[in-house]
Colleague: 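Submitted below is the structure of interest, expressed as structure tokens.
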Amino acid sequence: VHQKAPGVLALQHLHHSSWGSTLGFLEPTEKLLKDHSVPLATTNSQKLAQITSDLDPKENPTKSDIVSVMNNQSAVARTPNRAGQSCRGQGGSAGGHRGGPSPVPGSGQQQQWAAPQQQWAAGVISSCWRSWSHLARLRSALREARRRHLENFCSRAKHLAANWNRIRTSRRTIIHIPSLGYSQHIREHIPDLALQQNLQMGRLCDILDANVDVIYICPLALSEELLQYYNKLLGLQAAVRSGNPEDMADLQDRFKILTPEAINSFPEHHMCLATVLKYSPRTLQRLQVLLQGRDAYMVGGVPHLDDLAVADQLQVPLLGSEPAVAQLYSTKSGSKRIFASAGVPTPPGEWDIRSREQLLRALGHLVLDNLEVQRWLFKVDGERAGDGTAFCDVPAHLQCYPWILREQQGHGPGAWSQSQARELALVKISQELPGLLAQHVQPVNEKRFPTWEKFLQTFLTQGGVIEAFPSSGSVTSLTVDLLIEPTGELTLLASGEQLHAEGPLRSWGTTMPQRSVDPGLLQALCLKVGQACKSKGVLGYFSVGFVAFTHPQTGEQQVWATDLDLCYSDQLALSQLLVYLTDGNLDCGSSILQAPLGAKESQSQGVQHQGTKPPVPRCAVASSQLRHSSLSGISYSLLLHMCKAHGIGFDLQEKQGTVFVLYEDQKRDSLGMM
């Protein structure tokens with residue numbers, strides 16, 4: 001027993017009151033094992049503590065007592081019965097030589113000592129081999145299961161496509177699983193992962209279609225108060241249509257909110273919701289009962305292999321892309337390939353960058369080819385929500401920049417591209433860039449990436465893109481949500497303009513519908529991107545990000561495609577709630593929120609001649625990311641009463657006002673609002 005080993009000292013500290021009994025057990029144990037030449041044995045500290053508390057301190061432990069606290073029980077149990085045996089060499093004789101006297105003086109003692117050592121080593125090798133064989137079988141079984149899940153996913157996708165026109169117009173159940181199936185290293189850096197997976201409660205509003213029932217898989221345990229809130233909120237739809245609050249309906253039979261029982265079983269694993277559901281047999285059984293004899297399909301979030309496993313367990317199709325396809329084209333580099341295939345305008349840039357030399361070479365050429373660009377962005381391939389973005393105002397810190405501008409103007413546009421001065425300019429830029437980037441690059445998420453080197457390490461490990469930021473005083477970021485139906489039909493669902501937070505690279509909300517870009521132009525660009533996605537095997541919900549700005553030289557508006565997310569977006573969930581509570585329609589073709597007139601608007605229209613004045617266009621301002629630490633000290637019922645006292649609420653007759661989206665009632669420091 002190594003009395004000073006950290007493990008022994010920790011055990012002594014933990015069981016200091018009964019340490020005398022523990023030593024009373026360990027001393028005879030040590031003697032017994034030494035007598036039988038066991039070179040190494042390890043104990044299970046929990047079993048050791050338990051058995052020493054049960055034993056009479058006056059009695060020595062039995063062999064079975066000793067074996068019971070060992071990790072390598074089988075080896076320890078066998079050894080005393082086989083003491084003195086040596087390993088057999090070739091031919092079956094003991095030791096490494098074939099009989100006769102020892103070839104070297106003293107080798108008999110060495111062999112006597114080596115025999116139990118060899119025995120122990122043979123046991124370890126045998127144990128390792130069994131473990132390796134077991135692991136190999138597990139891996140083989142996992143590969144086979146995943147192959148089967150993928151085959152069944154493809155088979156059910158074909159069936160869904162063949163029957164889609166019937167299914168989408170008949171009675172059906174939609175299972176919403178808002179899972180963030182990013183890779184493990186990204187999920188580990190998402191604060192409040194469960195909360196972030198619960199920002200899309202607006203998916204419940206699919207029950208607007210009278211033929212649809214919704215089962216929403218929730219990553220958090222919701223209280224009865226919160227469940228009642230959503231029952232009342234969804235019950236408003238009939239009252240919105242009539243303008244009479246007394247017409248509220250009870251729609252509890254139309255939607256179910258289920259929380260998997262395994263949500264707290266893996267606190268350190270950062271599992272996505274689909275994986276948690278996969279390990280929740282009771283919830284899966286309940287789902288199977290609810291789905292019996294019904295047309296149903298699943299709508300996930302960010303695709304993950306366990307989406308396929310859950311769909312296979314429930315024997316339902318998944319309206320979404322194969323996870324491998326989604327992971328390939330959801331990266332920053334993957335989206336650039338889609339945009340290039342679609343032939344839509346994109347910022348000057350380079351993608352699939354994976355080495356420091358490649359980055360410096362590409363940035364040097366980009367700066368020289370686009371001298372008017374003041375800011376360059378660096379985006380990590382797999383990151384989300386701007387976390388993997390950094391920026392640098394390269395020309396502002398490039399000492400040779402004024403000289404390059406003079407040389408370019410002196411040579412003129414034609415001669416400059418072939419001049420030696422241009423080659424010299426590239427050399428000067430390349431010399432300055434390493435130090436310039438180390439000093440002046442600013443990661444958007446400085447908590448995660450405090451230095452350029454930290455950011456660069458992640459950038460080069462995952463790969464990434466370099467991209468120009470528009471050189472304009474006014475830049476608008478837009479997001480358009482689309483659906484590729486199983487039949488291949490492409491539908492525009494929602495559009496919105498981002499409201500920027502700390503800067504133009506962080507968003508806290510959206511205004512719907514977008515009003516900054518000509519709807520016809522935006523629709524044409526989206527259809528091109530949608531066709532390119534479809535050709536790559538993309539299916540289901542996805543969103544395209546654009547930036548719109550006025551070109552400083554021409555004064556004309558330019559629109560660049562910048563981002564592609566192959567999943568159901570927060571904006572889409574909010575737009576579903578918007579349409580539900582206004583009894584309206586978001587027409588992306590005209591960028592108009594069409595909704596029935598409120599009571600006052602109807603009276604106003606009645607006074608005027610028919611058609612002389614169109615109704616005022618409506619819009620919504622929405623956010624899923626509002627946070628305030630003081631909210632946690634207020635219950636939701638009190639918060640809603642305070643809002644009502646201040647005149648903050650939703651007017652059913654006018655179909656306007658404020659609506660809250662509540663996520664959980666433990667911390668209560670985050671909510672959505674529209």
Colleague: Start with the C-alpha gap between R337 and D352, add the side-chain angles, then the distance that decides, and say whether salt bridge (charged side-chain N to carboxylate O under 4.0 Å, His left out) holds.
Modeller: CA-CA 10 Å; R337 287 193 284 273; D352 282 328; 2.7 Å; yes
Colleague: Are any side-chain N or O atoms of N370 and backbone N or O atoms of V367, one a donor and one an acceptor, separated by less than 3.5 Å?
Modeller: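 No.
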Colleague: Tell me whether the count of non-hydrogen atoms from other residues, nucleotides or ligands lying under 6.0 Å of CD in Q457 goes above 12.
Modeller: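 Open.
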Colleague: Just checking, any donor-acceptor pair under 3.5 angstrom between side chains of D481 and S569?
Modeller: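 D481 vs S569: donor-acceptor pair found between side chains.
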Colleague: Mark yes or no: K332 above the aromatic ring of W351, with NZ or CZ under 6.0 Å from the six-membered ring centre and no more than 45 degrees from the axis.
Modeller: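 The answer is no, since K332 fails at least one limit relative to W351.
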Colleague: Just checking, any donor-acceptor pair under 3.5 angstrom between side chains of D669 and Y663?
Modeller: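 Side chains of D669 and Y663: no pair found under 3.5 Å.
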Colleague: Using only heavy-atom distances, determine whether the side chains of S155 and N152 contain a donor-acceptor pair under 3.5 Å.
Modeller: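 N152 and S155 do not have a side-chain donor-acceptor pair below 3.5 Å.
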Colleague: Return yes if a side-chain donor-acceptor contact under 3.5 Å exists between E372 and S471, otherwise no.
Modeller: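 The answer is no; no qualifying pair exists.
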Colleague: For Y541 and L319, work out which heavy atoms get closest and say how close.
Modeller: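 Shortest heavy-atom separation between Y541 and L319 comes out as CE1-CD2, 4.1 Å.
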Colleague: Do R187 and Q184 pair up side chain to side chain, a donor and an acceptor below 3.5 Å, judged on atom types alone?
Modeller: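 Yes, because at least one side-chain N or O of R187 sits under 3.5 Å from a partner of the opposite role on Q184.
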Colleague: With distance as the sole criterion, is a donor-acceptor pair present between the side chains of T491 and E485 under 3.5 Å?
Modeller: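 The criterion, which ignores hydrogens and geometry beyond distance, is satisfied for E485 and T491.
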Colleague: Could you give the distance from OG (S575) to CG (L586), rounded to the nearest 0.5 Å?
Modeller: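 It comes to 6.0 Å.
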Colleague: Walk me through whether D206 and Q576 qualify under side chain to side chain donor-acceptor pair (under 3.5 Å).
Modeller: CA-CA 7 Å; D206 275 350; Q576 295 286 81; 2.8 Å; yes
Colleague: Looking only at the side chains, is there a donor atom on one of T476 and E497 sitting less than 3.5 Å from an acceptor on the other?
Modeller: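 Looking only at side-chain atoms, E497 and T476 do not form any donor-acceptor pair under 3.5 Å.
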Colleague: Using a strict 4.0 Å threshold on nitrogen-to-oxygen distance, state whether R156 and D312 make a salt bridge.
Modeller: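 A salt bridge links R156 with D312.
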Colleague: Indicate the atoms forming the closest heavy-atom contact of V475 with H500, along with that distance.
Modeller: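 What the structure gives for the nearest pair is O-CE1, 3.9 Å.
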Colleague: Test V276 against every option in M271, Q197, H269 by the side-chain contact (heavy atoms from CB on, under 4.5 Å) rule and name the one that passes.
Modeller: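 Exactly one candidate clears the test, M271.
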Colleague: CG/L328 to CD/E322 distance, rounded to the nearest 0.5 angstrom?
Modeller: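 Going from the CG atom of L328 to the CD atom of E322 covers 10.5 Å.
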Colleague: One thing to verify: whether R147 and E144 come together as a salt bridge, which I'm taking to mean a side-chain N less than 4.0 angstrom from a carboxylate O.
Modeller: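 Looking at R147 together with E144, the answer is yes, because their closest N to O distance falls below 4.0 Å.
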Colleague: To the closest 0.5 Å, what do you measure between OG (S623) and CG (L574)?
Modeller: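 Those atoms lie 7.5 Å apart.
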Colleague: How far apart are the closest heavy atoms of A194 and L220, and which atoms are they?
Modeller: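 Closest approach of A194 to L220: CB-CD2, 3.7 Å.
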Colleague: Check K667 against D192 and note the closest heavy-atom contact, atom names and distance.
Modeller: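 For K667 and D192, the tightest heavy-atom pair comes out as NZ-OD1, 2.8 Å.
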Colleague: Please determine whether side-chain contact (heavy atoms from CB on, under 4.5 Å) holds for the pair I429 and I404, giving the CA-CA distance in whole Å, both sets of side-chain angles, and the decisive distance to 0.1 Å.
Modeller: CA-CA 10 Å; I429 292 171; I404 295 172; 3.7 Å; yes
Colleague: How long is the span from the CZ atom in R384 to the SG atom in C567, to the nearest 0.5 Å?
Modeller: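 Spacing of CZ (R384) from SG (C567) equals 9.5 Å.
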Colleague: Do W416 and E407 have a side chain donor and acceptor closer than 3.5 Å?
Modeller: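 No, because no side-chain N or O of W416 sits under 3.5 Å from a partner of the opposite role on E407.
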Colleague: Has Y401 got a side-chain atom pairing as donor or acceptor with L371's backbone, closer than 3.5 angstrom?
Modeller: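 Flag set: sc Y401 to bb L371 pair under 3.5 Å.
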Colleague: Check this for me, if you would: do K379 and E467 make a salt bridge, where the nitrogen-to-carboxylate-oxygen distance has to be below 4.0 angstrom?
Modeller: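 The answer is yes: the pair qualifies as a salt bridge.
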Colleague: Would you give the length of the straight line joining atom CG of L572 to atom CG of D565, rounded to the nearest 0.5 angstrom?
Modeller: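 The CG atom of D565 is 12.5 Å from CG of L572, to the nearest 0.5 Å.
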Colleague: Considering non-hydrogen atoms only, spot the tightest contact between C588 and S495 and give its length.
Modeller: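 Looking at all heavy atoms of both residues, the shortest contact is SG-N, 4.0 Å.
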Colleague: Could you tell me which residues satisfy side-chain contact (heavy atoms from CB on, under 4.5 Å) with L460, sequence neighbours excluded, listed by chain and number?
Modeller: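 Partners of L460 by the side-chain contact (heavy atoms from CB on, under 4.5 Å) criterion, ordered by chain and then number, come out as R356, L456.
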Colleague: When rounded to the nearest 0.5 angstrom, what is the spacing between CZ in R422 and OG in S417?
Modeller: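 Reported value, rounded in 0.5 Å steps: 7.0 Å.
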Colleague: Is it the case that Q462 and H185 place a side-chain donor and acceptor less than 3.5 Å from each other?
Modeller: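 Note: Q462 and H185 side chains meet the donor-acceptor criterion.
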Colleague: Between W164 and Y297, is the ring pair (Phe, Tyr, Trp, His ring centres under 6.0 Å) condition met? List the steps.
Modeller: CA-CA 11 Å; W164 180 246; Y297 58 88; 5.5 Å; yes
Colleague: Tell me every residue that passes side-chain contact (heavy atoms from CB on, under 4.5 Å) with S341, counting only those two or more places apart in sequence or in another chain.
Modeller: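 Scan of S341 (side-chain contact (heavy atoms from CB on, under 4.5 Å), adjacent residues dropped) gives A532, K536.
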Colleague: Do you see a donor-acceptor pair shorter than 3.5 Å between the side chains of H149 and D306?
Modeller: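 Side-chain D/A pair, H149 to D306: absent.
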Colleague: Give me the atom names and distance for the closest heavy-atom approach of I338 to C533.
Modeller: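 Shortest heavy-atom contact: CG2-SG, 3.9 Å.
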Colleague: Can you confirm whether or not the ring centre of F542 sits under 6.0 Å from the ring centre of Y568?
Modeller: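 For F542 and Y568, the ring centres are not under 6.0 Å apart.
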Colleague: Could you pull out every donor-acceptor pair under 3.5 Å between side chains of residues 436-450 and any protein atom, sequence neighbours left out?
Modeller:
| unit_1 | atom_1 | unit_2 | atom_2 | d |
| --- | --- | --- | --- | --- |
| N445 | OD1 | K447 | N | 3.3 |
| N445 | OD1 | R448 | N | 3.2 |
| N445 | ND2 | D387 | OD1 | 3.4 |
| R448 | NH1 | E383 | OE1 | 2.6 |
| R448 | NH1 | E383 | OE2 | 3.3 |
| R448 | NH2 | H189 | ND1 | 3.4 |
| R448 | NH2 | E383 | OE2 | 3.2 |

Colleague: Donor-acceptor pair, Q514 side chain versus S516 backbone, under 3.5 Å?
Modeller: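 Checked: pair present.
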Colleague: Give a yes or no on whether the ring-centroid distance for W452 and F459 is below 6.0 angstrom.
Modeller: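 Ring centres of F459 and W452 not closer than 6.0 Å.
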